[in-house]
2 protein chains.
Amino acid sequence: MKLSKKGEYALKAVLYLSCRYLHGQKEIVQIHEISKHEQIPEKFLQSILLSLKKVGVLESHRGVNGGYTLNRPPANITVGEVIRVIDGPLAPVGCVSKSAHVPCMVQNRCGIQSVMAEVRDAISNVLDKMTFEEMCKKMYGAKLALT
Amino acid sequence: MKLSKKGEYALKAVLYLSCRYLHGQKEIVQIHEISKHEQIPEKFLQSILLSLKKVGVLESHRGVNGGYTLNRPPANITVGEVIRVIDGPLAPVGCVSKSAHVPCMVQNRCGIQSVMAEVRDAISNVLDKMTFEEMCKKMYGAKLALT
DNA sequence: TAATACTCTATAAAAACGGTAGAGATTGTG
DNA sequence: CACAATCTCTACCGTTTTTATAGAGTATTA
């Protein structure tokens with residue numbers, strides 16, 4: 001039930017961009033800055049952001065003063081969406097996935113299918129409802145509490 | 001968020017043993033039979049069952065008429081327990097795992113920690129509550145419905 | 001004692017993971 | 001225009017994990 005490093009980096013990067021977005025309205029940020037701030041290998045982060053751009057979560061600008069920013073408001077991007085792009089379906093097994101269903105080899109229903117469907121729903125219920133705007137606000141609250 | 005093949009096989013095997021257990025009260029079953037019935041590579045299944053024995057979920061008998069059976073009633077074995085034995089902690093990231101916590105490298109709390117903790121709770125809420133007795137009964141109900 | 005069935009160790013191919021390198025394309029600035 | 005900054009794209013690479021398989025050894029019992 002693991003989140004890969006790649007997925008973790010993706011979430012941190014989008015969260016970082018979201019906070020910048022909310023703060024300055026569509027601020028453009030270079031890969032290097034995100035990489036440094038979130039401690040993510042720069043080249044690795046490049047490929048992650050590129051994937052997120054291709055599916056329309058991020059947008060990029062090349063050349064001097066280029067960089068990445070969100071393609072939509074953070075209230076409109078969920079954690080589940082980002083994880084699916086980077087790590088694939090949330091469902092523990094393919095035969096209960098809604099986003100990438102693969103037919104079950106077992107005739108009728110194998111015994112574990114229904115419990116796995118419950119897990120998929122439980123995960124989706126958290127991740128598909130959590131937006132990056134909400135996460136930013138949570139983080140901001142946590143930081144205030146620390147001071 | 002994947003369940004490995006090994007985890008899937010473990011669940012199917014324990015479920016199979018549970019149904020046998022409930023039906024005949026502690027019936028001993030050979031690896032070969034489970035392997036054949038559930039379509040699991042026999043040698044692979046051997047190592048899985050051995051692991052489940054070592055943690056006290058199963059018990060085994062050697063020699064003629066030997067085989068595996070549950071070490072406890074199926075009402076007393078949860079899906080979460082079996083998955084943890086075979087696949088490790090349920091938590092998506094180590095820093096929110098209760099069963100195998102590893103400290104977070106990031107000072108304070110990184111932004112994604114709280115949502116990952118929610119996911120861990122959501123998964124645990126399904127898998128640690130679901131017993132194999134319940135699964136057997138569900139399966140039995142499903143099979144009846146098919147006839 | 002012979003057949004059966006679990007136990008243990010070793011091995012291995014394939015896939016996934018985590019990361020790196022470098023050439024190329026695009027853009028803004030002086 | 002030249003050039004520096006920045007994303008884009010392709011390819012690669014080492015390690016770990018996954019998914020097994022092989023075979024010798026041990027215990028049991030008929």
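Numbers restart at 1 for each chain; the letters A, B, ... are given by sequence-line order, proteins then strands.
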* Between which nucleotides of DNA chain D, read 5' to 3', does contact with chain A run, using atoms under 4.0 Å from its heavy atoms? -> D/dA4 to D/dC9

* In B/S/- notation, 5' to 3', how is nucleotides 8-20 of chain C contacted by protein heavy atoms closer than 4.0 Å? -> B---------BBB

* Residues in side-chain contact (heavy atoms from CB on, under 4.5 Å) contact with A/Lys98, at least two apart in sequence or another chain -> A/Arg120, A/Asp121

* Asked: Within the structure shown, what part of the strands sits under 4.0 Å from B/Leu49 by heavy-atom distance: base, sugar-phosphate, or nothing?
  -> nothing

If you look only at distance, which donor and acceptor atoms sit under 3.5 Å apart when one is on a side chain in residues 73-82 of chain B and the other is two or more places apart or in another chain?
{"unit_1": "B/Thr78", "atom_1": "OG1", "unit_2": "B/Glu81", "atom_2": "N", "d": "3.1"}
{"unit_1": "B/Glu81", "atom_1": "OE1", "unit_2": "B/Arg72", "atom_2": "NH1", "d": "3.2"}
{"unit_1": "B/Glu81", "atom_1": "OE2", "unit_2": "B/Arg72", "atom_2": "NH2", "d": "2.6"}

* **Partners meeting side-chain contact (heavy atoms from CB on, under 4.5 Å) with A/Ser99 (sequence neighbours left out)** => A/Arg84, A/Pro89, A/Ser97

* Structure fact -> In numerical order, the residues of residues 59-69 of chain A whose heavy atoms come under 4.0 Å of DNA chain C are A/Arg62, A/Gly63, A/Val64, A/Asn65

* Report the residues that fulfil side-chain contact (heavy atoms from CB on, under 4.5 Å) with B/Cys95, sequence neighbours left out, ordered by chain and then residue number. => B/Val93, B/Cys104, B/Gln113

* To do: Measure from NZ on B/Lys53 to C1' on C/dC6 and round the result to the nearest Å.
  => 8 Å

* To do: State which residues pass salt bridge (Lys or Arg N to Asp or Glu O under 4.0 Å) with B/Arg62; sequence neighbours excluded, sorted by chain then number.
  => none

Under 3.5 Å, which donor-acceptor pairs link side chains of residues 43-57 of chain A to any protein atom two or more places apart or in another chain?
{"unit_1": "A/Ser47", "atom_1": "OG", "unit_2": "A/Phe44", "atom_2": "O", "d": "2.8"}
{"unit_1": "A/Ser51", "atom_1": "OG", "unit_2": "A/Ser47", "atom_2": "O", "d": "3.0"}
{"unit_1": "A/Lys53", "atom_1": "NZ", "unit_2": "A/Ser60", "atom_2": "OG", "d": "3.2"}

* Among all residues two or more places apart in sequence or in another chain, which pass the side-chain hydrogen bond (donor to acceptor under 3.5 Å, both in side chains) test with A/Thr131? -> none

* Give every residue pair that meets the salt bridge (Lys or Arg N to Asp or Glu O under 4.0 Å) criterion with at least one member in residues 6-22 of chain B, sequence neighbours excluded. => B/Lys5-B/Glu8, B/Glu8-B/Lys12, B/Arg20-B/Glu27, B/Arg20-B/Glu33

* Min side-chain heavy-atom separation B/Leu70-B/Val14 under 4.5 Å -> yes

* Structure fact -> Hits for side-chain contact (heavy atoms from CB on, under 4.5 Å) against B/Lys137, two or more places apart or cross-chain, chain-then-number order -> B/Glu133

